There are 2 protein chains.
Amino acid sequence: MLRAAADFLGRRPNATQDEIAKAVGVSRATLHRHFAGRGALLAALDDLAVALLGEAVEAADLDEGPAAEALRRLVAACEPVSPYLALLYSQSLDLDLDREPAAWLEIDARIVELFRRGRQSGEFGPDLTPAWLTDAFYSLVVGAAWSIQAGRTASRDFTAIVTDLMLHGVTPRDR
Amino acid sequence: MLRAAADFLGRRPNATQDEIAKAVGVSRATLHRHFAGRGALLAALDDLAVALLGEAVEAADLDEGPAAEALRRLVAACEPVSPYLALLYSQSLDLDLDREPAAWLEIDARIVELFRRGRQSGEFGPDLTPAWLTDAFYSLVVGAAWSIQAGRTASRDFTAIVTDLMLHGVTPRDR
DNA sequence: ACACTGTGAGACAAAAACGTCTCATGCGAT
DNA sequence: ATCGCATGAGACGTTTTTGTCTCACAGTGT
């Protein structure tokens, strides 16, 4: 139920409870029986989004092996939770980093650290900051989810398109 | 007035008319005098967003010179309108491409064409589709605007960070 | 057959947001 | 000094959305 709600709200941030209920496939009364109000629903979605993102980050073993491989694992792990990331984005791009839940800041810090260690080891270049790369990562994951949902990209390509773009950009690699 | 409204709504898609009016620096009554209702305000913002994006695309001369240089010009031209792009994104990621205004489809087609000609000329690799690269471009422009607004990135770096990431990714280039 | 649980539908009250209106104020032009 | 215009503030009506409640129904377990 929360998955369907996240999918829908990620695309329709202003949806009413009635619209969300229809999208999820239950009545508004039933939605209310499960979540004590719109605020409770949104809080549950946020919590789930952060929890699932945390699990994805954990599963990706960001500290292991080459940074490029870790990034690829991270992108793959984030594919199933990309609707939740889109939800986090669409509900409020007005993030106040000082007021975010600790779990989110922990996730963010670990991804920043991945880019930092890649840069330090020389695998990644010195020109782009870890903070920007982390934000770019979020943007591309959400953008890829959107592109797939819009039918402009095949869903099987998710991991490759995000990882290849982040690693190499559009310029062809020498072979 | 519309600029401030777009800035605010890009970050707070659910904002009320009262909140928008405060953010813009006028009273709700005055907002109403300028725009006949919430629907009219949102329509005006959408129209302005598409118009400004169209001007940016026009100014970038996407058909001239190397595709990489055209991309750099495009990113630079889009910096001032990135809040509007963020607004288009946040108001409805539920885009129905068949129902978009012709102006938007024209803009989208021209950016897709830039990536297509870059791929065809060999400047850009064959692995990433022009459609995905166009969506990635939108995502990174919005993500960069957000990163800057959040204070995680310096605003003077906007063009460089988006362009460098799209062209080369994080992998260091041989010098 | 009966009891229990969860649900949908719809009615209704409450709250939130929107739209409209009036009045006072400030500013600029004459 | 006066006039016209735009605005803010706040009141008030309207609409939308939310929250609550009741009743009927279906499914499941005993």
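Heavy-atom basis, side chains included; hydrogens, waters and symmetry copies ignored. Keep in mind the model is a prediction, meaning the values are calculated, not measured. First the proteins, then the strands, lettered A, B, ... as listed; each starts at 1.
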- May I ask you to evaluate whether A/Ser27 reaches the phosphate of C/dG8, defined as a side-chain N or O under 4.0 Å from OP1 or OP2? yes

- Message: Between P on C/dA16 and CG on B/Asn14, what's the gap in Å once rounded to a whole number?
- Response: 16 Å

- Working for side-chain contact (heavy atoms from CB on, under 4.5 Å), residues A/Leu140 and A/Met166: CA-CA 9 Å; A/Leu140 287 173; A/Met166 283 214 76; 3.5 Å; yes

- Query: Under 4.0 angstrom, heavy atoms only, what part of the nucleic acid is A/Gly25 near: base, sugar-phosphate, or nothing?
  - Reply: sugar-phosphate

- Query: When the distance from CG of A/Asp18 to C1' of D/dT15 is rounded to whole Å, what number comes out?
  - Reply: 15 Å

- Is there a donor N/O on one and an acceptor N/O on the other, under 3.5 Å, for the side chain of A/Arg28 and the base of D/dG19? yes

- Message: Check the phosphate of C/dT7 against A/His34, side-chain N and O only, distance under 4.0 Å to OP1 or OP2. Yes or no?
- Response: yes

- Of the nucleotides C/dC18, D/dC21, D/dT18, which one has an atom closest to the side chain of A/Gln17? D/dT18

- Just how far is it from atom CD of A/Glu106 to atom CD1 of A/Ile111, taken to the nearest 0.5 Å? 10.5 Å

- Message: Nearest whole Å is fine: how far is C/dT20 P from B/Phe35 CZ?
- Response: 15 Å

- Message: Nearest to the side chain of A/Ala29, heavy atoms from C-beta on, is which of D/dT17, C/dA9, C/dC18?
- Response: C/dA9

- Any side-chain donor-acceptor pair under 3.5 Å between A/Tyr84 and A/Asp46? no

- Task: Could you check how far CG of B/Leu42 sits from P of C/dA17, rounded to whole Å?
- Result: 15 Å

- Message: Given the structure, check if the side chain of A/Arg33 and the base of C/dG8 hold any donor-acceptor pair shorter than 3.5 Å.
- Response: yes

- Query: Between atom CG in A/Leu31 and atom P in D/dT20, what is the gap in whole Å?
  - Reply: 13 Å

- Presence of A/His32 side-chain N/O under 4.0 Å of D/dT20 phosphate oxygens OP1/OP2: yes

- Message: Between B/Val24 and B/Phe8, does the side-chain contact (heavy atoms from CB on, under 4.5 Å) criterion hold? Intermediate values first, please.
- Response: CA-CA 8 Å; B/Val24 159; B/Phe8 187 71; over 6 Å; no

- Task: Verify the distance criterion only: is there a donor paired with an acceptor across the side chains of A/Ser147 and A/Thr153 at less than 3.5 Å?
- Result: yes

- Please state how far atom NZ in B/Lys22 lies from atom C1' in D/dT7, giving the value in whole angstrom units. 15 Å

